[in-house]
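Working notes, beginning with the structure itself.
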Amino acid sequence: MLVRKIPDGTVIDHVPAGKALSVLRLLGDPQENGFTIAMVMNVNSSKMNRKDIVKVEGMEVSPEQVQRLALIAPRASVNIVRSYRVVAKKNAVPPRTLRGVLNCTAPTCVSVREKESAPSIFFLSGRSPLRYRCKYCGRELAEKEISSQLG
Ligand code: CTP
Ligand code: ZN
């Protein structure tokens, strides 16, 4: 392997190729808070064509972070490592409702025209591929639009 095993922390595997940096940003850039990060980008995977892997040494991600992760890496597996062993393997679960996270792409939508009185609300409408539907106008955002909005 390109990167050694970590003694403790989190390994986020099966991240879509090119999304490793977005995953780090979503986790709050732990490297800026003193954590050591390892990333593997664009490796071959049996489950998907190409993938990235993100390892954060010494930090266990929270359930909320695992949920948000599902938005940019819907098929990611989150491995919690303690004493070199994987003690928990979680799949990122997309939240049913998103408030103030996504922007509707319909120019006439009330959530676009009147942001103050109609804050953005989206409901999960598909998991694979990921889809969210605007509460106000019904516009659906596709997986690509969702991950591009989240950086
Ligand atoms: N890993 C690590 N450090 C450890 C233990 C595991 O960096 N001390 C990494 C592995 O390299 C792998 C991921 O965590 O990328 C998941 O580990 P494991 O469950 O042992 O691997 P697989 O069985 O291949 O995982 P999956 O079935 O999810 O593909
Ligand atoms: Zn809308």
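Positions are given from 1, in the same order as the sequence printed here. One-based numbering, in listed order, for ligands and for the atoms of each. Since the model is a prediction, treat every value here as computed from it, not as a measurement.
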Counting from 1 in the order shown, the ligand 1 atoms closer than 4.0 Å to a non-hydrogen atom of Asp13 are 15 (O)
Between Arg99 and Pro119, is any pair of side-chain heavy atoms under 4.5 Å apart? no
In this structure, CG of Leu24 is separated from CD1 of Ile12 (nearest 0.5 Å) by 8.0 Å
Nearest heavy-atom approach of Lys90 to Ile80 is CE-CG1, 4.2 Å
dist Ile37:CD1 -> Leu27:CG (nearest 0.5 Å) comes out at 8.0 Å
- Polar-atom distance check: Ile6 versus ligand 1, any N or O pair below 3.5 Å? yes
Atoms of ligand 1 under 4.0 Å from any heavy atom of Asn79, numbered from 1 in the order shown, are 13 (C), 16 (C), 19 (O)
Among Val11, Thr10, Ile80, the residue with a heavy atom nearest to atom 13 (C) of ligand 1 is Val11
Nearest heavy-atom contact between Val66 and Asn91 is CG1-O, 4.0 Å
For Ile53, state whether at least one heavy atom is located under 4.0 Å from any atom of ligand 1. no
Task: Test of proximity, Lys89 against ligand 1: N or O pairs below 3.5 Å - done: yes
Check your understanding: Is the number of heavy atoms from other residues, nucleotides or ligands under 6.0 Å of Asn49 CG greater than 12?
Key -> no
The angle formed at the Zn ion (ligand 2) by SG of Cys134 and SG of Cys109 is about (to 10 degrees) 110°
Within 4.0 Å of some non-hydrogen atom of Tyr84, the atoms of ligand 1 are 4 (C), 5 (C), 8 (N)
Shortest non-hydrogen pair, Cys109 vs Tyr136, comes out as SG-CB, 3.9 Å
A student checking ligand 1 against Lys55 at a 4.0 Å heavy-atom cut-off should list atoms 2 (C), 7 (O), 11 (O)
